[in-house]
Amino acid sequence: MIKITLKDGSAKEYQAGITIKKIAEDISMGLAKKALVAKFNDKVVDLSTEVNEDGTLEILTFEDEGGKHALRHTAAHVMAQAVLRLFPGTKLAIGPAIADGYYYDFDSEHKFTPDDLEKIEKEMKKIVKEDLALVRESISREEAINMFKEQGEQYKVELIEDLPADAPISLYRQGDFVDLCAGPHVPSTGKVKAFKLMSLAGAYWRGSEKNKMLQRIYGTAFPKKSELEEYLTRIEEAKKRDHRKLGQELKLFTVMEEGPGFPFFYPKGMVIRNELENYWREIHRKWGYQELKTPIILNRQLWERSGHWFHYRENMYTTVIDEEDYAIKPMNCPGAILIYNSELHSYRDFPLRTSELGLVHRHELSGALHGLMRVRSFTQDDAHIFMLPSQITEEIKGVIDLFATMYGTFGFEYNVELSTKPEKAMGSDEDWDMATKALEVALKEKNMKYQVNPGDGAFYGPKIDFHLKDSIGRTWQCGTIQLDFQLPERFDMTYVGEDGQKHRPVMIHRTCYGSIERFIGILTEHYAGAFPTWFAPVQVKILPITERQLEYAKELYDELFEVGIRVEIDDRSEKIGYKIREAQLEKVPYMLVVGDKEAENKTIALRKRGEGDKGTAEFAEFKQSLLEEIRLKK
RNA sequence: GCUGGUGUAGCUCAGUGGUAGAGCAGCUGAUUCGUAAUCAGCAGGUCGUGCGUUCAAAUCGCAUCACCAGCUCCA
C-alpha cells in the first residue's frame, strides 16, 4: 500500500501501481471529469501515470497553470496531426503551449494560407471527435534518432541530438500520429473541446535568422466553448483600446509614411504631453532635480569617447557637417556629462541631480516599429545623478520612491527586474559586480520583489527595470535605473573631496515614464482613451440646447476658461442628443447641458462621462469640485 | 532586417480587365429641438509609388515604399 497526501492535507492509502486517474475518480467523479493532468511530488504528470510510492498529489484542471498548459500542448499535437493528414510530407519542428494558447512550427513545400486554417480546423475537429488516447512511450536515444531519421523529421533529430546524453526521451502517440515530446498531455484528444486557429506567421528555426524560416500556426484552446468565446471577446476589447486606433479617432497623434517611426502630435495629443511634462517637472522640483537641455547633434569624437560609436553604432543616425562626422544623439548622457565637466564640482554638491526631457533618435528595425510603443524618435524623461559611492544606496532608494509616486498617480501596478552584464559590455567584472550589488542592496532595503534578467543590462552598467501593468493585464517596460562606473572614467569626471584632492564620482542614469511617447500610448490603452480630467485634452464641453442659450453658455465658458479649464462650446444648430453623442465619443469628462431653464436659474444640467445625466447642479459648486479634482489629479 | 498579409475619398470599407462607389466626417441651406445620430443639396480620388503586359489596368506581372501580424515563450 502507498500513502497519497492530497492538497487539502488529507491522506489516503491505495494499492501500489494505481493510476492517478483512478485516484481522481476515488476523490470525486466531478473532479475526475475535469481533470487534465496531475502534480505528483511537485512534478506535472499524465493522469495515466501509475503511482508506486508515497507522495503528495494534486489533480490539475484548466484552472491550474499546469492543466491549461497541458491542454494547449495537446491541442498543438492535434493540430500537427491534422496538418500531416492534409499535407503529407510536412516536417515538424516545435509546438509548445504559450501564454494564451499554443503554436506549432512547420516546414512544408506548401505555403499555408488563411483558407488552409479553416481546413485544418475541420480536420482537428474530426481528431477531437475520434477521441484518440495520448499514449506515452519511453525509448532510447538511438531508437528515437533512427525513427525520426526514417521519417525524415530532421528537426526532431536535431532536437534529440542536442539533448544531454542522459536525458530521458519520450514519445506521445495518438492514433496514427507520433511526436517527440516530454509531456505531459491530457488523456485524450476529446478533451480539446473548444479551439481556434488564430494566425499564421514566419518564424526562424530556433529563433535565429541564420536558420531557415518555418511556417508557424498559432492557436488557442479551452475546455469549454463559452470560455473560448470569452477569450475572443477579450481580444476584441483589447483591439478597441489599441492606442493607434484611439490616437487616430481622438486626434491625439499619427504616424505618416513620410516619417516611419517618427510620430506627429495633434493639438489634443500635445495637451496630454504637456500635462505629463508639467507633472514631471513639479515632481522633479520637489525631489531636488535641476533641469538641463543638451543638443541633439554632437560630434563623432564625443560619441567615440562615450563608447557609443563602437557599442551602439548600428542604432545611430549620423550626419556630416563641414566635412566632420556628427551623430544624432541616441542617449542624453554624454551631453549631461559635458555640462558636468564644464564646471568644477565639490563633494558638497552631491548628490547632484540633473534631469532632461531629451529627444533621442534610434534606428530600430522597420519590422519592429509599432505606433507610439516602438518608434525611432522619442523623448526620454532622463536624469543623471552624480554622487559619492557612499550615497548610491540612499539615492537609488530615493529614485524608487519617486517612481512609486508617479506610477501611483496613474494607478499602475508594476514589477521590477534586475538586469546584469551583457556580452557586449565595457568595464571589468569587478566594477560590474560592485554596481550590481549596489542595485541589489537598494532593492532589498526597499523590500522590493524582483526578478533577475541575466545579460540584459546596458553596455555601461547593470539596471533595474520597471514593468507597468495596464488595466487589461499587459505589462510594459517604462522606468529604468542604471548604475554607471564607466562613463565617469571615460570622461575623466572628478569632484574635489574633503581632502582637497580630486576623486571620481559615480553616476546613475534613470527614466520614469521611459519615453513620453510610449507612456502616452500606454495611458491611451490603460484608460481606453477616457483620460482622467487633469490631462484630458478637453475637460468640459458646454452644450446649449438652442441658439437662445448661446450667451449664457459663453458666460460659463469665460468663467471656466479664466481659471485654466480646457473648455469648448458646441454651438452648432444640432439636436442636443447629437451633441451629447459626439461629446461622449470624444470621451470628454464633463458636459454642461444648458437650456432655457438653466439660463434662467443660472444653473447647469451636468452630465458625467461614464455616469450619464447627473441632473441640475449649481455652476459654482461644479467649478469648485472640478478644480479640486484636477488639483488632486484624481 | 526576415516571412506572410494589406494599401481605393479625412475615416471605415465595397468594387477580379472596359474610364471609380457607399456610409460617416466636411461644406451650404433649412430646422431651434431637453440627454448617444433632423432633413435636403454640394463637394471630395493620377485607386501607395514607379516600370511593364494589354486595344484597354484599381483589377495582371515586376520593383519599391508604408502599414499589420509574427520572428521573445524551445520536445
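Only a predicted model underlies this, so the values are computations on that prediction, with no experimental measurement involved. Below, chain A is the first sequence line, B the second, and so on; all start at residue 1.
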For the rings on [X] and [Y], is their centre-to-centre separation under 6.0 Å?
| X | Y | answer |
| --- | --- | --- |
| Tyr231(A) | Phe222(A) | yes |
| Phe106(A) | Tyr104(A) | yes |
| Tyr317(A) | His363(A) | yes |

[N] pairs with which nucleotide, Watson-Crick or G-U wobble, both distances below 3.5 Å?
| N | result |
| --- | --- |
| rG41(B) | rC27(B) |
| rG34(B) | none |
| rA57(B) | none |
| rC62(B) | rG50(B) |
| rG21(B) | rC13(B) |
| rG4(B) | rC68(B) |

Below 3.5 Å between N/O atoms, which protein atoms pair up with nucleotides 70-75 of chain B? Just atom names and distances, please.
unit_1, atom_1, unit_2, atom_2, d
rG70(B), O3', Tyr218(A), OH, 2.8
rG70(B), O2', Tyr218(A), OH, 3.4
rC71(B), OP1, Tyr218(A), OH, 3.4
rC71(B), O2', Tyr204(A), N, 3.4
rU72(B), OP2, Gly207(A), O, 3.1
rA75(B), O2', Leu180(A), O, 3.0
rA75(B), O2', Ala182(A), N, 3.4
rA75(B), N6, Pro168(A), O, 3.0
rA75(B), N3, Cys181(A), N, 3.3

> What's the spacing between Phe262(A) CZ and Leu369(A) CG if we round to 0.5 Å?
Replying inline: 8.5 Å
> Which value, rounded to the nearest 0.5 Å, describes the distance between Tyr557(A) atom OH and Ile542(A) atom CD1?
Replying inline: 8.5 Å
> Which residue, His363(A) or Ile580(A), contacts RNA chain B at a nucleotide closer to its 5' end, judged by nearest heavy atom?
Replying inline: His363(A)
>> Go nucleotide by nucleotide along RNA chain B from the 5' end; which of Gln215(A) and Lys597(A) gets its closest nucleotide reached first?
In response: Gln215(A)
If the [atom1] atom of [N] is compared with that of [M], how far apart are they to the nearest Å?
| N | M | atom1 | value |
| --- | --- | --- | --- |
| rU19(B) | rA56(B) | P | 15 Å |
| rG45(B) | rU35(B) | C1' | 39 Å |
| rA22(B) | rG44(B) | P | 13 Å |
| rA36(B) | rA40(B) | C1' | 23 Å |
| rU8(B) | rC2(B) | C1' | 29 Å |
| rA25(B) | rU64(B) | C1' | 32 Å |
| rG17(B) | rC67(B) | C1' | 28 Å |
| rU49(B) | rA58(B) | C1' | 14 Å |

Under 4.0 angstrom, heavy atoms only, what part of the nucleic acid is [X] near: base, sugar-phosphate, or nothing?
| X | answer |
| --- | --- |
| Ala605(A) | base |
| Gly577(A) | sugar-phosphate |
| Arg609(A) | nothing |
| Glu161(A) | nothing |

[X], nearest nucleotide to its side chain (from [options]):
| X | options | answer |
| --- | --- | --- |
| Val593(A) | rU35(B), rA37(B), rU32(B) | rU35(B) |
| Asp613(A) | rU35(B), rA36(B), rG7(B) | rU35(B) |
| Pro260(A) | rU32(B), rC67(B), rG34(B) | rC67(B) |
| Glu257(A) | rU31(B), rG7(B), rG1(B) | rG7(B) |

[X] with [Y]: basic N within carboxylate O range, under 4.0 Å:
| X | Y | result |
| --- | --- | --- |
| Glu582(A) | Lys579(A) | no |
| Glu364(A) | Arg376(A) | no |
| Arg206(A) | Asp162(A) | yes |
| Asp105(A) | Arg216(A) | yes |
| Arg241(A) | Glu237(A) | no |

Value in whole Å for how far the [atom2] atom of [N] lies from [atom1] of [X]:
| X | N | atom1 | atom2 | value |
| --- | --- | --- | --- | --- |
| Asp596(A) | rC33(B) | CG | P | 8 Å |
| Phe112(A) | rG4(B) | CZ | C1' | 13 Å |
| Lys541(A) | rU35(B) | NZ | P | 19 Å |
| Lys251(A) | rG10(B) | NZ | C1' | 8 Å |
| Asp570(A) | rU32(B) | CG | C1' | 14 Å |
| Arg376(A) | rC67(B) | CZ | C1' | 13 Å |
| Leu592(A) | rG34(B) | CG | C1' | 15 Å |
| Met256(A) | rG10(B) | CE | C1' | 12 Å |

>> Let's test your reading of the model: under 3.5 Å, does the base of rG34(B) pair with the side chain of Glu598(A) as donor and acceptor?
In response: yes
> Crowded around Glu551(A) CD? As in, over 12 foreign heavy atoms under 6.0 Å?
Replying inline: no
> Think Arg548(A) has a side-chain N or O under 4.0 angstrom from the OP1 or OP2 of rC33(B)?
Replying inline: yes
> Ser366(A) side chain N/O closer than 4.0 Å to the phosphate oxygens (OP1, OP2) of rG1(B)?
Replying inline: yes
> Would Lys602(A) and Glu618(A) count as a salt bridge (Lys or Arg N to Asp or Glu O under 4.0 Å) if you check the C-alpha gap in whole Å, the side-chain angles of each, and the deciding distance to 0.1 Å?
Replying inline: CA-CA 8 Å; Lys602(A) 301 286 174 196; Glu618(A) 289 301 320; over 6 Å; no
Under 3.5 Å, which N/O atoms of the protein pair with N/O atoms of nucleotides 23-28 of chain B?
unit_1, atom_1, unit_2, atom_2, d
rA25(B), OP1, Tyr578(A), OH, 3.0

> Got a sec, which pairs hit salt bridge (Lys or Arg N to Asp or Glu O under 4.0 Å) with one end in residues 583-597 of chain A, sequence neighbours left out?
Replying inline: Lys541(A)-Glu586(A), Arg548(A)-Asp596(A)
